[in-house]
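Please read the structure below before turning to the comments.
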Amino acid sequence: MKVILFANTRHDLLTWKRLLQAGVDVVICDVSAHGDVAETVSEAAVISPVELETTGGASQRIFWFLLPQSRVVDVYLPFIQASLRPGDVVLDSSHSEPAQSQKRFDLLKKYHVDYFDIGTNASQSVYLVGGDDIAMNRLKAFFLSLRRFCPVLHLGPAGSCHFAVQICEFLDSKVRQTYLEGKEKITASPFGESVDADALLGIFSAYFDTLAVQHSYAS
C-alpha cells in the first residue's frame, strides 16, 4: 500500500506526519504553485504530478486530496483517472458539498476505485469518514493506522463526512461564542480570581472527545 498525498505549502501536513509515524509508505504530490514542498518539508518523499502514473508499482494506491479547494479535486481527478487501477482508493478532504462527493463516488465506482470523503473537526482530534461499508472493511488496516492518533468515525455513505464537517464548523462557531460568554461570567463572579476558567470550560471539550472515542472505528 502506498499513500499519495496531494498537498501544498499552505496546508497543515499533520496527516503526513501521522502516517509516517504509523509506518505507512507515504509520498507527497506537490501541487503548489512553485513546487516548493520539498524545500518546506525536507524529510518527505516528494513527487511532481507528472510522476503519478509510475508511483506505487503494483501495490494498492491511496490518492488523498488534502487540499481544501473543491475545484482542485475536480482538476486533478480527471488527471489521475487514466492511471487509476481497480483496487485504488481516493480520499477527499476538500471543502465540498455532499452532492459533489456522491457524484465523485459514482464516477470512480465505474473504475472499481473506492471513494471516501474524509475530514476532521476543528481541533483535528477525530477523523470523520463517509463511504461504502464494504470498502471501509477493505481499507481496515489503513483506518486502524489513523486510529492510533485519534478516533475514526465512519458516519455513513459518501457525502456524509462533508455534511458533518459543515455541521462541525457551525457548532464550532457556537461553542466559541458560548465559551467566551462562560468565561465572562466566571470572571465577573465572586470566584473569578480562584476558578481557572480555561480548565473548567475545558471539561466540556474533553467530554466531546470522550463521545468520539466511544463510537470510533473498531478492530
Side-chain angles (χ1 to χ4, degrees), residues 1-8 11 13 15-16 18-19 22 24-32 35 37 44-120 127-147 152-166 217:
M1 177 191 300
K2 179 178 284 291
V3 179
I4 302 159
L5 302 179
F6 288 76
N8 61 33
H11 196 278
L13 292 175
T15 296
W16 165 74
R18 286 175 171 175
L19 291 173
V24 176
D25 185 6
V26 55
V27 300
I28 297 174
C29 180
D30 185 356
V31 294
S32 60
V37 167
V46 180
I47 62 171
S48 66
V50 296
E51 298 174 89
L52 281 171
E53 191 169 346
T54 58
T55 301
S59 63
Q60 181 188 39
R61 299 172 300 173
I62 300 174
F63 297 91
W64 193 340
F65 291 96
L66 284 175
L67 302 156
Q69 302 93 339
S70 180
R71 60 180 176 78
V72 175
V73 180
D74 290 331
V75 168
Y76 276 95
L77 203 51
F79 182 80
I80 67 171
Q81 197 169 302
S83 62
L84 288 174
R85 304 189 297 253
D88 283 345
V89 178
V90 170
L91 303 182
D92 181 1
S93 292
S94 66
H95 294 171
S96 297
E97 292 295 326
Q100 292 174 291
S101 313
Q102 293 162 353
K103 185 177 179 181
R104 291 165 187 158
F105 171 84
D106 291 336
L107 170 67
L108 292 170
K109 190 175 181 180
K110 299 175 184 178
Y111 298 90
H112 304 285
V113 172
D114 293 326
Y115 170 92
F116 297 91
D117 48 320
I118 178 170
T120 64
Y127 283 106
L128 309 171
V129 183
D132 182 75
D133 286 335
I134 297 175
M136 191 83 181
N137 286 331
R138 280 198 290 266
L139 214 59
K140 182 177 181 179
F142 173 76
F143 285 118
L144 289 178
S145 71
L146 291 181
R147 206 189 71 165
V152 175
L153 303 187
H154 182 207
L155 301 174
S160 57
C161 163
H162 282 150
F163 170 74
V165 167
Q166 292 175 346
Y217 183 68

Straight-line distance of Leu91 CG to Leu66 CG, nearest 0.5 Å
9.0 Å
Under 3.5 Å, is there a donor-acceptor pair between the side chain of Ser93 and the main chain of Ile118?
yes
side-chain contact (heavy atoms from CB on, under 4.5 Å) between Trp16 and Val27, intermediate numbers included
CA-CA 8 Å; Trp16 165 74; Val27 300; over 6 Å; no
Apply side-chain contact (heavy atoms from CB on, under 4.5 Å) to Leu108 and Leu84, showing your working.
CA-CA 9 Å; Leu108 292 170; Leu84 288 174; 3.6 Å; yes
Rounded to the nearest 0.5 Å, how far apart are CZ of Phe163 and CD of Glu97?
10.5 Å
As an exercise, state the distance from CZ of Phe6 to CG of Leu67, rounded to the nearest 0.5 Å.
8.5 Å
Would you call Asp132 and Lys109 a side-chain contact if the rule is heavy atoms closer than 4.5 Å?
no
Derivation and outcome, ring pair (Phe, Tyr, Trp, His ring centres under 6.0 Å), residues Phe143 and Phe116
CA-CA 11 Å; Phe143 285 118; Phe116 297 91; 5.4 Å; yes
List the steps and the verdict of side-chain contact (heavy atoms from CB on, under 4.5 Å) for Val129 and Leu153.
CA-CA 6 Å; Val129 183; Leu153 303 187; over 6 Å; no
Here the pair of heavy atoms bringing Leu128 nearest to Ala164 is CD1-CB, 4.3 Å
Which is it for His162 and Ser96 under the side-chain hydrogen bond (donor to acceptor under 3.5 Å, both in side chains) test, yes or no, and what are the steps along the way?
CA-CA 6 Å; His162 282 150; Ser96 297; 4.6 Å; no
Rounded to the nearest 0.5 Å, how far apart are CZ of Phe142 and CD1 of Ile62?
4.5 Å
Donor-acceptor pair between His95 and Ser70 side chains, under 3.5 angstrom:
no
Asp117 side-chain N/O to Cys161 backbone N/O, donor-acceptor pair under 3.5 Å
yes
Could you tell me whether the side chains of Arg71 and Tyr76 share a donor-acceptor contact shorter than 3.5 Å?
no
Strictly distance-based, threshold 3.5 Å: is any side-chain N or O of His154 a donor or acceptor partner for the main-chain N or O of Gly156?
yes
For the residue pair Phe63 and Tyr115, is the inter-centroid distance of their aromatic rings smaller than 6.0 Å?
no
How many angstroms lie between CZ in Arg18 and OG in Ser145, if you round to the nearest 0.5 Å?
11.0 Å
With no hydrogens and no angle check, just 3.5 Å: does a side-chain donor-acceptor pair link Gln69 and Ser94?
no
Between Asp114 and Ala135, is there a donor-acceptor pair closer than 3.5 Å when you use the side chain of the first and the backbone of the second?
no
For Asp74, what residues pass the salt bridge (Lys or Arg N to Asp or Glu O under 4.0 Å) criterion, not counting sequence neighbours?
Arg104
Check step by step if side-chain contact (heavy atoms from CB on, under 4.5 Å) holds for Tyr127 and Thr15.
CA-CA 10 Å; Tyr127 283 106; Thr15 296; 3.4 Å; yes
If you round to the nearest 0.5 Å, how far is CG of Leu5 from CG of Leu19?
6.0 Å
Using salt bridge (Lys or Arg N to Asp or Glu O under 4.0 Å) as the criterion, point out the one residue from Arg61, Arg138, Lys2 that pairs with Asp88.
Arg61
Measure from the side-chain N and O atoms of Gln102 to the backbone N and O of Gly159, and report whether any donor-acceptor pair falls under 3.5 Å.
no
